Protein chains: 2
Amino acid sequence: MSRVSEESGTAAKETTTERIPAALRREQILAAASRVFGERGYSGATTDQVAQAAGISQPYVVRMFGTKENLFLEVVARALDKLMTTFREILAEPRPAGDDDADSLVSRLGAGYVDLIDDRGILLSLMQAFITGHDPVIGAKAREGFLQIYRMLRDEAGFTPETIRDFLANGMLFNTLLAIRLPDIFEDDEAAEELMRCAFRGKLDVVLDASGAKWTHS
Amino acid sequence: MSRVSEESGTAAKETTTERIPAALRREQILAAASRVFGERGYSGATTDQVAQAAGISQPYVVRMFGTKENLFLEVVARALDKLMTTFREILAEPRPAGDDDADSLVSRLGAGYVDLIDDRGILLSLMQAFITGHDPVIGAKAREGFLQIYRMLRDEAGFTPETIRDFLANGMLFNTLLAIRLPDIFEDDEAAEELMRCAFRGKLDVVLDASGAKWTHS
DNA sequence: GTCTATATTTAGATAGAC
DNA sequence: GTCTATCTAAATATAGAC
């Protein structure tokens, strides 16, 4: 990842405009798109913003993915894939002795979810896709993605519908708190702090680490 | 409410283009805007879509509110207000005998929240505002709105942070399920049905009543 | 109070050079 | 593999008539 920091408050952007293998460039664009779409949503983001974040020209972004919609769908598919993979890895972990109850599994999956904040675009892009449910194409994928997660938690994790509901609910709250950037006003507002401490529990440090100037881009 | 149904699958739109008091017209536009913004988000919605939903011309919408952003902010402020008022009314209700625990209050507030689905725009517009947290103006209002709800639940309902977290989490899940239009594929997918039954509990009928062709607009 | 016409800007996409 | 130039289609906003 050859990124460079720029003027204060600005985000990571590519500077080098060298010739790079298409596959790699593709990844760079997807990474940039994930961040931009995650912040601004499908309609709110522009292909030019993605291009700038990736350090290339706008036409090249379109050229590479055909359409903005394609790009977004790919971003969302990747995000979903990453989430599913993360969960499956946790499910595959050998369970700590005497720790075979659903509760501890929920905790571990929850922790895995929070850790995904490292790549902010993942959770937010997914959330943006969900909120774009009205769109015929994106909405269909969003629905299917959500249900895929549900089925995994039920069929692979073995959770009851109630457990899944609570788990998903916490996830959606987490996404929402990220979206409204609560971590940013952590110190300014006592209610914000109280809610964050409660919602993020032991993971507050992870969340705060991932926030701040690090993602105050564009 | 002088609406007319149109071709199958299309939404309610005003037809009459009569002269109407500005104050009333204002309300009509806000109602239309609430639906359109709720479905498509701030960036995804156009003032023209709002105008069509309200049965007037696009320039008139802008004329009335100055800017699209203003209109959205007003929609969100109204939605927040409606939510707060609904909750406060429930808090003011005489508690059923032997029913003075937090649990039952949570249930009643939850039921009140679900009932807001009657006016789909309310919950979805708020959610759209939350997801637009990156925007300097809208984001600030969204944050403040979210915290306002938190404080009410804490200071007026007397809930613990944990209770509030769970309550808010369920609310965010509810919003998300609405956004991805899960009620629409209720019958098509067994996982969707299972999740809905579990998430909406006794309120499934209310939710289903409010969905379907009724809000398949634009 | 409401519309039509239109100016202006932005953004997605295409063409074609290097 | 990547860019510059540019076409075209929206969409917000303004002007001014009725």
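Just so you know, these numbers use all the heavy atoms, side chains as well, and skip hydrogens, waters and symmetry mates. Owing to the predicted nature of the structure, the values given are computational and were not obtained by experimental measurement. Chain identifiers are assigned alphabetically (A, B, ...) following the order of the sequence lines, protein sequences preceding nucleic acid strands; residue numbering begins at 1 within each chain.
No contact: A51(A) has no heavy atom under 4.0 Å from any strand. As judged by a 4.0 angstrom heavy-atom cut-off over every strand, S57(B) is placed among the base-contacting residues. Residue-level contact check: A23(A) touches neither bases nor backbone, having no heavy atom under 4.0 Å from any strand. Among the heavy atoms of the strands lying under 4.0 Å from P59(A) is at least one base atom, whether or not backbone atoms are also near.
Along DNA chain D, the nucleotide nearest to K68(B) and the one nearest to R63(B) differ in position, and the one closer to the 5' end is contacted by K68(B). Summary of the strand contacts: Y60(B) and R19(A) both lie near DNA chain C, and taking for each the nucleotide with the nearest heavy atom, the more 5' one is attributed to Y60(B).
Side-chain atoms of T46(A) come within 3.5 Å of backbone N or O of Q49(A) as a donor-acceptor pair.
Distance, Q58(B) CD to dA7(C) P: 15 Å, rounded to whole Å. Between the CG atom of D48(B) and the C1' atom of dT6(C) there is a distance of 15 Å, given to the nearest Å.
Under the 4.0 Å criterion applied to side-chain N and carboxylate O atoms, R88(B) and E93(B) are not assigned as salt-bridge partners. A salt bridge does not link D184(B) to R143(A): none of the charged nitrogens lies less than 4.0 Å from a carboxylate oxygen.
Between L73(B) and E69(B), some side-chain heavy-atom pair lies under the 4.5 Å cut-off.
A donor-acceptor contact closer than 3.5 angstrom is absent between the side chains of R151(B) and Q148(B). Y150(B) and D155(B) are not linked by any side-chain donor-acceptor pair at a separation below 3.5 angstrom, with hydrogens and angles left out of the test.
Taking every nucleotide of DNA chain D with any atom under 4.0 Å from a non-hydrogen atom of chain B, the first and last of them, 5' to 3', are dA11(D) to dG16(D).
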